[in-house]
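In what follows, chains are A, B, ... by sequence order, proteins preceding strands, each numbered from 1. The basis for the numbers below is simple: all heavy atoms, side chains too, and nothing from hydrogens, waters or symmetry mates.
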Amino acid sequence: MRIGVFICHCGSNIAGTVDCPSVAATALTYPDVVFSTDTMYACSEPGQDAIIQAVKEKNLDGVVVASCTPRMHEQTFRRAVERAGLNRYMFEMANIREHVSWIGKTKDLNTNKAAELVRMAVEKLRRNRPLFAKRFETVKRVLVIGGGVAGIQAALDCADGGQEVVLVEREQSIGGKMAKLDKTFPTVDCSSCVLGPKMVDIAQHPNITLYTCSEVESVGGYVGNFQVTIRKKATYVDWSKCTGCGLCVEKCPSRKHPDTFNEGLCTAPSINIPFPQAIPKKAAINAASCIMLTKGKCGVCAKVCPVKCIDFEQKDELVTVDVGAVVVATGYDLFDWHKYPQYGEGRYKDVITSMQYERLLSASGPTGGHIKRPSDGKEPKNVVFIQCVGSRDRSVNRPYCSGFCCMYTAKQAILTKDHVPDSQSFVFYMDIRSPGKMYDEFTRRAMEEYGAQYVRGRVSMIYPQDDKLIVRGADTLAGTQVEVPADLVVLAVGAESARGAVQLGEKLRVAPDQYGFFVESHPKLKPVETNTAGVFLAGACQGPKDIPASVGQGSAAASKVLGLLSKKELESDPAVSRVNPGRCVGCGKCVQTCPFGAIKMIEDRFGNPKAEVIDTVCQGCGICTVTCPQGAIQLEHFTDNQILAEVNALCPPKMFANFE
Amino acid sequence: MHNIAYYPGCSGQGTSTEYDRSTRAICQALDIALTDVEDWSCCGSSPAHTVNHVLSAALSARNLAQVEAMGMTRVATPCPSCLSNLRTATHKMKDPDFQSKANALLDTPYRNTVDVQSVLQVLAEHVDPEYIKSKVVNPLTGIKIACYYGCIMNRPPALMQFDHHENPMAMDNLMAAIGAEVVPFPLKVECCGASFGIPRGDIVHKLSGKLLDAGRRLGADCFVTACPLCQMNLDLRQGQINDALHENFKIPIFYYTQLLGYALGLDRAELGFEKLCVDPRRALGKIKQPAQTR
Amino acid sequence: MSQLDTLKSAIKDRLGELECVIGWEQGYDPLHATPLFIRTEADLDRLIIGPLAVHNLATYLTAYKGKKIGVVVKGCDSRSVIELLNENLISRDDLVIFGLCCDGVVSQRKIRAALPADPGFVEAVDISANGLKITVAGQTAMLNMTDILADKCRTCQHPNALISDVLIGENRQSASSTSLACQEEFEAKSDAEKFAFWQETMSRCIRCYACRNACPMCVCRDYCIATSRDPLWVSQDNSPAENFMFQMIHVSHLAGRCTECGECERACPVDIPLMLLRRFMNKQVQDVFEHQAGTDLEQTPPLLTFKVEEERINERGW
Amino acid sequence: MPAQDVRELRIVGFLCNWCSYGGADTAGVGRFSQPTDLRIIRVPCSGRIDPLFIVRALLNGADGVLVSGCHPRDCHYAEGNFYARRRLELLKRFLPVTGFDARRFEYTWVSASEGQRWQHVVTEFTRRIHELGPAPNFNPASEMDWNALALHAAQGQTCPCHG
Amino acid sequence: MEKFITTTNLTRLAEELAANHRVLAPVATGCTVTFRRFQPGMTLDLHSRMAAVSAKAGTFPQTETLFLVKRDTTEKKPELIETLPQGKNVVIGGRPCDARGKLMFDPVYGTEKIKDLYFLQRRENTIFITLACDRPETTCFCHSVGSGPADPTGSDILLTLVGDGYVARAMTPAGEDILKLSLFTEAGDKGKEADAKNAKAREMMGQPHDYSSAPATILARFDDMDFWQAQAAKCISCGACTYMCPTCYCFNITDDDLGLNSQRIRTWDNCMSHTFTLEGSGHNPRSTKAHRLKNRVGHKFSYYPDLHQGVMACCGCGRCIKQCPVGIDIRQIVKAAQEYSE
């Protein structure tokens with residue numbers, strides 16, 4: 001083999017603490033190295049040209065570049081050696097910047113370390129072999145999980161782009177959190193007026209198939225060729241017949257279970273359509289409270305239904321679809337504020353969440369848009385808002401800022417004044433976070449035009465006194481304790497990851513972070529990609545964000561999907577596991593441990609069982625390679641011999657024959 | 001029958017002898033055998049802990065080592081301040097370095113094998129409420145009680161590990177068990193101002209006054225408390241509070257042990273009602289006399 | 001009927017449907033048994049059981065894939081059968097198991113230590129319930145069974161075959177002791193002492209792979225990575241480090257699968273106490289995964305599965 | 001190649017590409033200075049790390065081996081580090097019987113964002129290895145050492161009675 | 001020449017020889033006895049049991065470095081370093097079967113055309129001081145393969161235990177040189193005693209088995225795989241038998257990378273292993289253990305004697321029987337072939 005070695009100075013980034021020419025000289029003594037040089041910027045165009053030129057002139061069949069982390073430029077150099085006519089896998093990188101020059105202070109030690117890292121790379125490269133990607137076709141269909149505003153936007157953009165879309169929503173209607181909001185900041189325009197038309201578009205778009213009351217059961221396959229099983233939960237109503245007339249809802253005698261759409265502020269009938277603008281506008285039965293389903297008698301709805309669409313025998317149904325890409329838009333949930341003992345843990349009826357307050361404000365809410373406090377239905381005069389309930393608080397493991405609470409609190413303070421002109425709002429806050437277009441102006445308006453009194457400090461307790469709630473907190477600007485007698489306390493609860501996000505992540509092989517939000521591929525440069533090819537993120541499932549950001553991300557994810565599916569064929573990564581049938585004894589241990597189901601058992605021509613890797617499914621983790629005791633299944637590009645060569649390069653074995 | 005070491009604490013020897021006496025009396029009545037810690041000394045809570053943590057812990061540890069010497073593993077004290085300091089010492093001495101420093105000051109090293117609880121915790125967690133109910137001879141029917149726990153009985157929660165630190169219920173449940181009507185007193189764990197008792201009487205007046213006011217608004221006939229300092233502030237200083245705030249509070253402040261003893265029908269002399277500054281008779285008068293039984 | 005006769009008659013009943021039944025017969029001298037492959041009723045006459053029948057015959061099973069055979073197993077051997085079944089390496093339908101209730105087997109190494117002369121000079125052996133009366137180089141010695149019992153039998157928790165089609169004999173009590181003094185003494189040594197011990201024992205290892213090939217769980221057989229170039233894990237250089245590397249491979253590949261039958265140690269021609277490694281590893285497996293290989297038909301080898309929360313693994317804090 | 005001088009010992013690291021290698025990069029980008037002893041071998045996933053790589057390194061004379069992967073639940077391949085955790089934990093617990101000082105091997109989890117944590121891990125582990133000093137060679141380095149070993153064995157060492 | 005040496009002096013002899021020879025002698029370590037590099041301070045263990053492994057390593061070590069390749073960091077061209085065995089060796093305390101084993105190597109490694117310098121150099125420079133056996137083990141059959149318990153073939157000195165020492169007889173000039181050392185005294189009458197002992201040992205072995213028909217009868221079974229499968233049923237394909245054997249001379253050659261340097265080594269190989277005849281294509285002419293056992297038995301008792309004047313490639317030491325984990329008895333296999341009838 002003829003190997004060329006290129007030691008990059010990276011300007012002074014490497015050369016500042018590593019003697020690059022000396023490393024290059026040392027590399028020349030390594031086995032199979034026939035050419036070695038140092039270079040100012042290996043990744044620059046002249047740098048890459050020099051590599052290509054050397055490959056051609058010196059007739060190299062392998063290249064080592066010692067520069068920055070392969071996570072940065074491995075692809076760059078692979079493409080360069082490919083342009084030089086080599087296989088892209090006949091290339092190795094030694095990371096002498098992040099792992100050497102930037103962390104070590106002593107030049108001679110750094111230089112020695114750099115030389116050894118180069119040697120490791122050379123020894124590995126000596127055992128590399130050309131690998132070739134397989135090409136495969138993609139399914140022109142996309143799955144969008146979650147029908148909130150981000151999912152709606154992604155689905156519409158994909159559908160408009162000509163792709164078939166399958167939209168799956170867990171709840172009875174799409175719309176998500178936004179559908180529950182009264183108005184939106186900073187324009188104070190009606191939320192459902194903005195969202196409603198988009199929801200209708202979803203229902204009417206010829207490219208979109210909508211499954212509500214449905215969840216993703218399992219996901220198999222790989223980018224371009226996912227197989228998704230969707231569980232359609234029983235609604236006990238035949239939606240192909242239901243006209244959404246609402247007669248059943250009116251007549252249902254069981255009306256005691258909490259209305260989840262209205263955040264439990266009121267109760268709902270057991271057969272229900274959650275809100276007037278629901279899409280699809282179909283009734284569904286709550287099995288837990290339905291008298292017929294729990295006690296076996298009643299059936300009023302079935303009797304009154306003009307189209308006879310009630311079906312108490314209905315069962316969950318599994319639907320399987322093939323898709324080429326997946327957009328995850330599962331949104332967020334609200335922090336459970338009951339963890340805070342200082343807010344009364346639920347003992348005081350007039351301490352409510354901001355989302356409950358939205359429902360009180362909403363004309364379609366339980367109070368018809370009149371603010372009435374839950375305990376006695378009185379109109380509150382003093383309303384206290386407490387911000388950062390479950391945000392920026394390490395004591396409840398929510399150290400992050402939820403981002404939008406400052407804004408909606410300001411909005412709610414404004415709306416409070418609109419609804420009850422003689423009211424007074426107080427806002428306990430930590431900092432005002434309003435970095436958006438027209439955002440800070442909006443919070444200013446709440447204070448200045450609407451007279452909301454902002455108190456900078458945390459609330460230490462709420463206690464009842466007569467028919468009021470005394471809110472005690474610190475005013476850190478005045479340096480005193482304050483007590484505000486409130487008629488109603490609204491907690492600006494923060495966002496947390498949607499329930500079930502972690503489990504969904506496991507199915508999709510998308511890692512959640514420690515708080516359950518999905519991790520994007522790169523925090524800045526790949527904000528909607530995930531580390532699983534073909535799976536994209538949109539909206540608050542990636543982290544708390546407000547409506548404009550969610551919509552923006554929905555469109556971004558859609559553009560990624562459209563880009564991906566516009567290719568006729570995709571290439572699979574050839575660095576996958578490969579079985580040497582000559583060594584395989586057919587024990588099947590690899591099949592047992594593969595997380596992707598990428599290994600199947602076949603029979604060879606003598607009828608012996610052998611393992612076989614499905615190239616396109618294999619993700620290249622190498623779990624199987626460690627599992628196989630015979631070393632019969634090897635992860636290409638990270639074979640036992642390649643890794644052992646690196647180990648041996650670092651710690652040469654000592655045999656009987658010693659070289660003194 | 002519970003057998004527990006008993007650490008009376010200094011207040012029980014002076015300002016709150018009635019607390020000590022009533023505690024012993026109810027424990028006896030409820031089959032809890034208290035054995036006084038032999039040769040007990042200061043828990044270190046007063047001046048020491050503001051000056052020297054090691055010394056303060058060592059003072060506590062001395063008493064706990066005494067408990068170990070008695071071959072016992074559980075000690076109960078009526079006083080939250082003692083409780084706090086004893087538990088703090090136990091906690092700090094889990095650190096081997098700290099333990100050796102503190103033990104260096106002692107004749108007998110403390111091995112840290114003793115669990116410290118308040119008498120209230122013993123009653124709440126180890127005595128069946130039904131058993132207490134069964135022992136009641138004078139149910140407190142008719143009296144409305146505000147239970148006031150004070151600021152350190154349950155806090156910090158990680159250290160005290162007893163009841164809820166914002167909304168404790170141990171005394172509420174106990175009082176309810178003996179027939180009283182317990183008002184939902186929201187300021188259960190508020191500060192009475194005790195630590196400012198000497199230098200800043202005005203703060204005590206404000207804070208304690210607020211407690212009394214909240215109790216009165218809820219219609220409480222009396223308070224019960226488990227802390228000698230709280231009791232002193234609310235009871236002994238009630239007159240000063242009235243003067244300072246232009247109020248006219250006349251709310252008797254009982255130790256919960258006193259009312260418990262009353263309900264159990266114990267000897268009044270053991271309960272020490274006569275020690276209270278605010279006359280308790282009006283409040284006690286609210287209690288409906290049990291129907292005569294033959 | 002004696003246990004042996006019952007066994008013979010049980011085998012006779014099934015022999016017709018089987019390729020062969022694997023048992024034991026007397027070997028090259030009266031002190032040694034050797035595996036017997038019973039194909040005809042005549043072969044049955046040579047069948048023996050008892051304290052000399054040391055071999056774990058489960059070792060042979062994987063070679064008979066697709067053929068229906070019978071095997072005689074002691075309690076310990078039956079664990080290997082279970083483990084092989086759990087790993088789908090053999091098929092239960094192709095196997096007739098004649099299970100024994102075992103009183104324990106001898107350690108030839110202990111016999112050698114106890115005899116007045118080398119057991120190679122053995123002239124006669126008389127087996128009784130209490131032990132072995134052995135005449136060697138003209139001298140006769142009575143060896144008590146308790147003195148020459150194999151280590152695995154001293155701590156045996158499964159004397160009766162755990163899986164069988166026919167169970168022969170009456171259930172035996174498991175051993176009261178679960179620890180071996182030699183193991184404990186060794187573990188108590190310092191790192192330096194243990195290190196030196198393995199350096200020395202590995203310097204006499206001749207890499208004959210008897211330990212590997214006697215092992216019922218070493219199913220790679222001809223494809224062991226100790227003798228391959230791709231992958232190249234071990235040099236053929238017979239130095240202690242390379243020899244130990246092979247032993248580490250063996251231990252590692254048996255982690256969570258070893259049924260502690262002791263065949264590796266028994267097979268070693270240069271008397272390396274390999275079970276020190278195995279028993280220690282098994283103890284760790286038991287501690288971390290609460291797993292004892294081959295004791296339950298529903299087990300999954302612990303390294304082929306995982307739990308999201310491992311109750312017994314402390315996350316290593318830094 | 002031996003470590004350059006006593007300032008450095010031979011420490012081998014096995015890091016998964018997605019988290020810990022990224023964490024080491026992050027530490028580099030942040031210029032978090034670290035001891036230079038460690039040499040990192042990049043593998044796709046901690047599930048690719050055969051405990052026998054670690055044994056091989058130790059037998060070859062490595063003074064320390066450090067393994068790091070994604071935090072449990074954060075594996076890029078969903079399950080790799082769960083398998084790795086079992087394998088590595090078992091190795092860690094097993095080492096004492098071999099006479100290798102188990103402190104020479106450590107495994108931990110570092111995410112791509114935890115540059116500071118990586119600096120801490122490397123610094124602490126390197127400090128530990130320097131405290132332990134150079135590892136003994138399993139294969140004696142010289143003929144004299146061989147002889148000393150054989151003599152020691154023939155003279156004193158007893159074999160635990162076994163069989 | 002015939003001399004006497006006390007037990008104590010034999011140890012001193014070993015110690016003196018160790019000063020300028022590589023001395024191999026049976027030494028007890030742990031609970032086994034193996035040939036070890038003897039050094040002052042060690043105890044000879046000639047009698048407790050026959051060493052587990054034969055003394056083959058004296059002339060044919062398990063690992064022989066054939067050459068080293070050294071790649072200097074300054075020079076480009078790798079340097080080849082020759083590693084022919086240097087110095088003189090002594091094997092003390094082997095048995096006649098140990099001493100005889102190397103004779104089977106001679107017609108293979110020292111022919112006119114092929115000279116294995118590594119083996120020949122060691123063969124030339126190794127002195128065998130052998131101990132006659134005084135009692136046969138159940139596995140011994142040296143008398144059936146043309147040898148006996150006091151067979152001096154291949155030895156330079158033969159020792160016979162008499163009283164508190166040994167009667168030592170020199171068989172070669174090199175042996176005579178050693179007997180001239182002052183540690184030896186005159187043997188006197190002890191020589192006769194030794195003769196008597198040796199005769200008694202031979203008598204105890206009884207009638208030898210006649211292997212003369214073996215080459216033909218084994219060859220006759222060459223294509224009878226049923227026969228070999230039955231014989232090999234209990235074989236577990238390990239290499240214990242071949243590695244114990246004084247006469248097995250097969251080897252493997254491999255290269256090792258040692259950092260920048262590398263070595264080519266020759267190591268014992270064994271024909272019971274699958275890899276022994278595994279071809280690069282993946283094909284294996286001896287794919288089953290039956291094929292391989294056939295080869296081992298056939299080689300020793302048929303093919304080798306056919307090529308080399310009827311000499312069996314077996315010393316009858318019995319180690320392969322005794323150390324076989326499953327108790328395969330090569331005598332029984334040969335006998336089965338000899339007695340085979342359709």
Side-chain angles (χ1 to χ4, degrees), chain C residues 20 22 27-37 39 55 57 59-60 63 109 112-113 117-123 137-138 197 200-201 203-204 206-215 221-224 227-229 232 235-239 242 263-264 266-273, chain E residues 29-34 36 47-50 52-53 61-63 65 135-140 230 233-244 252-254 256-258 263 265-270 272-275 278 284 287 289 318-319 321-329 331-332:
Chain C
C20 68
I22 314 175
Y28 59 85
D29 70 19
L31 197 49
H32 291 85
T34 185
L36 168 68
F37 293 72
R39 291 167 205 282
H55 315 79
L57 304 173
T59 301
Y60 294 107
R109 234 168 245 127
R112 188 171 74 210
D118 192 286
F121 304 127
V122 65
E123 286 154 17
F197 176 84
E200 189 282 313
T201 50
S203 74
R204 65 180 198 246
I206 54 170
R207 210 92 79 74
C208 66
Y209 301 123
C211 48
R212 177 190 78 188
N213 290 26
C215 172
R221 298 288 147 122
D222 296 343
Y223 302 100
C224 177
T227 49
S228 81
R229 297 294 288 181
L232 175 55
S235 163
Q236 295 308 299
D237 182 289
N238 188 48
S239 66
E242 297 307 301
E263 285 290 88
C264 49
R266 186 187 65 76
C268 181
V270 292
D271 300 307
I272 299 173
Chain E
T29 41
C31 52
T32 197
V33 178
T34 52
R36 293 229 161 216
H47 297 284
S48 73
R49 58 184 289 220
M50 195 195 277
V53 187
Q62 181 156 10
T63 303
T65 306
R135 180 185 280 272
E137 297 191 20
T138 57
T139 47
C140 288
K234 62 188 170 190
C235 175
I236 56 172
S237 294
C238 75
C241 47
T242 57
Y243 287 178
M244 303 293 141
N252 190 11
I253 293 181
T254 49
D256 283 325
D257 269 356
L258 304 172
Q263 65 172 1
I265 55 170
R266 165 164 94 182
T267 47
W268 291 352
D269 204 349
N270 95 77
M272 308 307 284
S273 152
H274 170 81
T275 50
L278 181 63
N284 195 338
S287 55
K289 62 184 180 181
R319 283 188 177 95
I321 305 167
K322 183 160 72 163
Q323 307 283 30
C324 176
V326 292
I328 293 178
D329 188 342
R331 296 170 300 189
Q332 294 304 322

Contacts of C:F37 meeting ring pair (Phe, Tyr, Trp, His ring centres under 6.0 Å) (sequence neighbours excluded), chain-then-number -> C:Y60
dist C:I206:CD1 -> E:T242:OG1 (nearest 0.5 Å) comes out at 8.0 Å
Looking only at heavy atoms, the pair that brings E:E137 and C:F121 closest together is CG-CE2, 3.6 Å
Interatomic distance, OG1@E:T139 vs NE2@C:H32, rounded to 0.5 Å, equals 9.0 Å
Okay, E:P61 and chain C: the region with an atom under 4.5 Å from a heavy atom over there is neither
Under 4.5 Å to a heavy atom of chain E? For C:R212 that would be neither
Note: vs chain E, highest number of non-hydrogen pairs under 4.5 angstrom among C:R39, C:H55, C:E263, C:R221 is C:H55
Okay, E:T138 and chain C: the region with an atom under 4.5 Å from a heavy atom over there is both
query: Any side-chain heavy atom of C:N238 within less than 4.5 Å of one from E:T267?
result: no
Turns out that what part of E:V326 lies under 4.5 Å from chain C's heavy atoms comes down to both
So, the part of E:T34 with a heavy atom under 4.5 Å from chain C: the answer is side chain
Cut-off 4.5 Å, heavy atoms of chain E, and the answer for C:A137 is both
In this structure, SG of C:C208 is separated from CE of E:M244 (nearest 0.5 Å) by 5.5 Å
Between the OH atom in E:Y243 and the CZ atom in C:R207, the distance rounded to the nearest 0.5 Å is 8.5 Å
In terms of heavy-atom pairs under 4.5 Å with chain E, the winner among C:E123, C:R109, C:R229 is C:R229
Value for OG (E:S237) from CG (C:D222), rounded to nearest 0.5 Å, stands at 6.5 Å
Sorted by chain and residue number, the salt bridge (Lys or Arg N to Asp or Glu O under 4.0 Å) partners of E:D329 (sequence neighbours excluded) come out as E:R331
In this structure, OG1 of E:T29 is separated from CZ of C:R204 (nearest 0.5 Å) by 4.5 Å
Validation row: E:R36, C:S203 side chains within 4.5 angstrom (heavy atoms)
yes
Shortest non-hydrogen pair, C:S235 vs E:I265, comes out as OG-CD1, 4.0 Å
Smallest heavy-atom separation, C:A210 atom then E:C238 atom, equals CA-CB, 3.5 Å
inquiry  = When you measure from the side chain of E:R49 to the backbone of C:R112, do you find a donor-acceptor pair of N or O atoms at a distance under 3.5 Å?
reply    = no
Given E:I328, E:D257, E:D256, E:V53, the one with more heavy-atom pairs under 4.5 angstrom with chain C than any other is E:D256
